[in-house]
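One structure is given here, and the rest of the page talks about it.
Quick note: numbers below take in every heavy atom, side chains included, and nothing from hydrogens, waters or symmetry partners. Within every chain, numbering begins at 1; the chains are lettered A, B, ... in the order of the sequence lines, protein sequences first and strands thereafter. In this text the structure is predicted, and so the values were computed from the model without any measurement.
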Number of protein chains: 2
Amino acid sequence: MSGKRVGITDVAAAAGVSITTVSHALSGQGKVNDRTRQRVIDVAAELGYAPNRLASGLRSKRTGIIGLVSDEVATTPFAGRIVLGAQEAASDRGWLVVVVNSGGDRLIEQRQLASLLAQQVDAIVYATMSHRPSSLPTALRTIPTVLVNTHDESIDASWIVPDSFTIGTDATRHLIEHGHERIAHLTIAESGLGRDGRVAGYRAAMEEHGHSPIIVSTPEGATAVGGREAAEQLFERHPDVTAAFCFNDQMAMGLYQVAALRGVQVPDDLSVVGVDNLDLVAAALLPGLTTVALPHYEMGRWAIDQVARLLEHEDPPPAVHERYRCELIERDSVARPRG
Amino acid sequence: MSGKRVGITDVAAAAGVSITTVSHALSGQGKVNDRTRQRVIDVAAELGYAPNRLASGLRSKRTGIIGLVSDEVATTPFAGRIVLGAQEAASDRGWLVVVVNSGGDRLIEQRQLASLLAQQVDAIVYATMSHRPSSLPTALRTIPTVLVNTHDESIDASWIVPDSFTIGTDATRHLIEHGHERIAHLTIAESGLGRDGRVAGYRAAMEEHGHSPIIVSTPEGATAVGGREAAEQLFERHPDVTAAFCFNDQMAMGLYQVAALRGVQVPDDLSVVGVDNLDLVAAALLPGLTTVALPHYEMGRWAIDQVARLLEHEDPPPAVHERYRCELIERDSVARPRG
DNA sequence: ATGAAAGCGCTAACAA
DNA sequence: TTGTTAGCGCTTTCAT
């Protein structure tokens, strides 16, 4: 409509007060008479005034922008959930989040991080998709940082990771509770925080019930193709298993496929449990896949909550470390074993 | 390391020049002696100086931040590709992208947009996931805007959408070229730009070869469940079709499932083509799904290129409208019909 | 080719 | 409770 942008001076003039009073009235900081405050608010609304966050940030050293650094944000559908959680939590506080991703490249990461710092972001959320211990860029020591899906002992930062061990125990016990004894675990060959914890949890649950663990791992990676490869091994070497706990939903998809080719019915001949609760897979499979949900959205929110905690105290509060207990989502891929 | 942040003044002092000269030397704006420039650059690097983008933005009216508004960014895996494309293109120019999503809620959208404007973003990329004509928030008239996956006649903004019609013709012709004549199109009941164009393209390709169109639509939505529902209809009412072109990969997944239950083999008994080229589905299905790739990444890049074009000219250049020709990705779900 | 000075639009001290 | 005055760290005139 009007050509010129309306600034705080315009509001002050229109309300007949000083710009300081406008600033105070709108930010709720200083003491302002309620009647004055209301008038200022009304005038500001009428004029369509919105504070220039650049100017206020320059002065107050707070931009209300949080940088979210990820290694491969858009390549995995999980990442989006982390970002969404962070954004919604940020939005609740009137903050913005700017996402950069490095694709795993250290150099790019460094450049992106420099961009964020130059932009005077208030804090950094550093999320990896791979849940491996990461050695953080040193630039992060300068600024409040929260880690998601990874941790780093060399820095005093809060972090949150899914509790991999209980993912393994919960999934396995769920199968045991349904009467299964010969339960295999299909996983990837490559070691990693997410993998190793689940394997250990599976082992523990099997052993506590006196069942011997059957672990099949594939060098293929945690995809449907890897799942197929592992499934072939499984049917060759352990044709008598009645249930399988898979490293993730995609591997479970591969297992479904090989099972179908061999005339093995899920869940009547074989019960299956996955990990991720990836809608596109877990809910889409037939029968629907029972799986342990990874709390990506929640971790994103948690990270912003931690940032808020860091930012509201002048002296940095101690770092918080959390292993999030994941939830088993029941669908139709688990049944009692036959006869 | 050092406690205080290094500013332009520190660099000026260390290099023995004025801050004006530092600014000129680093930005490449004014005329500076090459030797002076080099010295400034060296000193700046040595000190680890990085300009405060808040301060420079406040003065120069350019923040180097692009706002990306989406209706449901993280709920779909496609969205991530748009964001990634935009981010990478932005990063090439030293820009940052801040992503907000409204979840389709007008009120939230308005609030988020206000946040972006208050943050003085240089431009807005407005992306919908649904590819429907959107009536844009009026706030967008104030600022350079580029539309992705949608278009709006009420505003003079550039936009890009996938060419739905040729998706339909290309997919259908591909099947026809493989010798199929009785080809069904499985789609959703709800009308929309993406859907209607594909249907029209399918019709056109069928008719140009004298084949009669067989369209099966489901009220269920474009998911595996919807695909199953449509597939049931298909097998009941048109048991003689030899090929199916599905609205998207997820529906194709549903078709695979029902086909398997009925003992119909893909591709020997039934050839299938999808749309999306969603890795998690198209590449994961067995056999791999031949599908038309939607250019989400490319559209994200394109949007930022357009923003750059808008920003470098003082007077706004005319809007550009593009229908992106999509590529067919061949996998293993198409074969010649049986004898 | 270089520098001095003015301000971008706001908030934080400080005074009144 | 309100207003005055300094800046925040940079880029931009405009001199020199």
Quick one: [X] [atom1] to [N] [atom2], roughly how many Å, whole number?
X: A:L47; N: C:dG9; atom1: CG; atom2: C1'; answer: 16 Å
X: A:R37; N: D:dT1; atom1: CZ; atom2: P; answer: 10 Å
X: A:L26; N: C:dG9; atom1: CG; atom2: C1'; answer: 14 Å
X: B:H24; N: C:dA5; atom1: NE2; atom2: C1'; answer: 13 Å
X: A:Q38; N: D:dT1; atom1: CD; atom2: P; answer: 16 Å
X: B:I19; N: C:dA4; atom1: CD1; atom2: C1'; answer: 9 Å
X: B:Q120; N: D:dC10; atom1: CD; atom2: C1'; answer: 16 Å
X: B:N52; N: D:dT11; atom1: CG; atom2: P; answer: 9 Å

Below 3.5 Å, does any donor atom in the side chain of B:T20 face an acceptor in the base of C:dA4, or the other way round?
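Answer yes: a donor N or O sits under 3.5 Å from an acceptor.
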Ignoring backbone atoms, test whether [X] places a side-chain nitrogen or oxygen under 4.0 Å from the OP1 or OP2 oxygen of [N].
X: A:T21; N: D:dT2; answer: no
X: B:K61; N: C:dG9; answer: yes
X: A:S23; N: C:dC10; answer: no
X: A:Y49; N: C:dG9; answer: no

Closest nucleotide of DNA chain C for A:S60 versus for B:V32: which of these residues is on the 5' side?
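Nearest nucleotide further toward 5': that of B:V32.
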Let me spell it out: for each of B:V17 and A:T9, pick the nucleotide of DNA chain C with the closest heavy atom. Which residue's pick is nearer the 5' end?
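The residue mapped nearer the 5' terminus is B:V17.
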Of A:L58 and A:S18, the one whose closest nucleotide on DNA chain D sits nearer the 5' end is A:S18
When you compare the side chains of A:S56 and A:R62, does any donor N or O come within less than 3.5 Å of an acceptor on the partner?
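No, no side-chain donor-acceptor contact under 3.5 Å.
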salt_bridge([X], [Y]) N-O dist < 4.0 Å:
X: A:R81; Y: A:D279; answer: no
X: A:R301; Y: A:E298; answer: no
X: A:R93; Y: A:D305; answer: yes

If you look at every strand shown and take non-hydrogen atoms under 4.0 Å, does A:S27 touch a base, only sugar-phosphate, or nothing?
nothing
Identify whether any heavy atom of A:L54 sits under 4.0 Å from a base atom; if not, whether one sits that close to sugar-phosphate; answer base, sugar-phosphate or nothing.
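The answer is nothing, as A:L54 stays clear of every strand by at least 4.0 Å.
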Backbone of A:T63 reached by a side-chain donor or acceptor of A:D122 within 3.5 Å
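It does hold such a pair.
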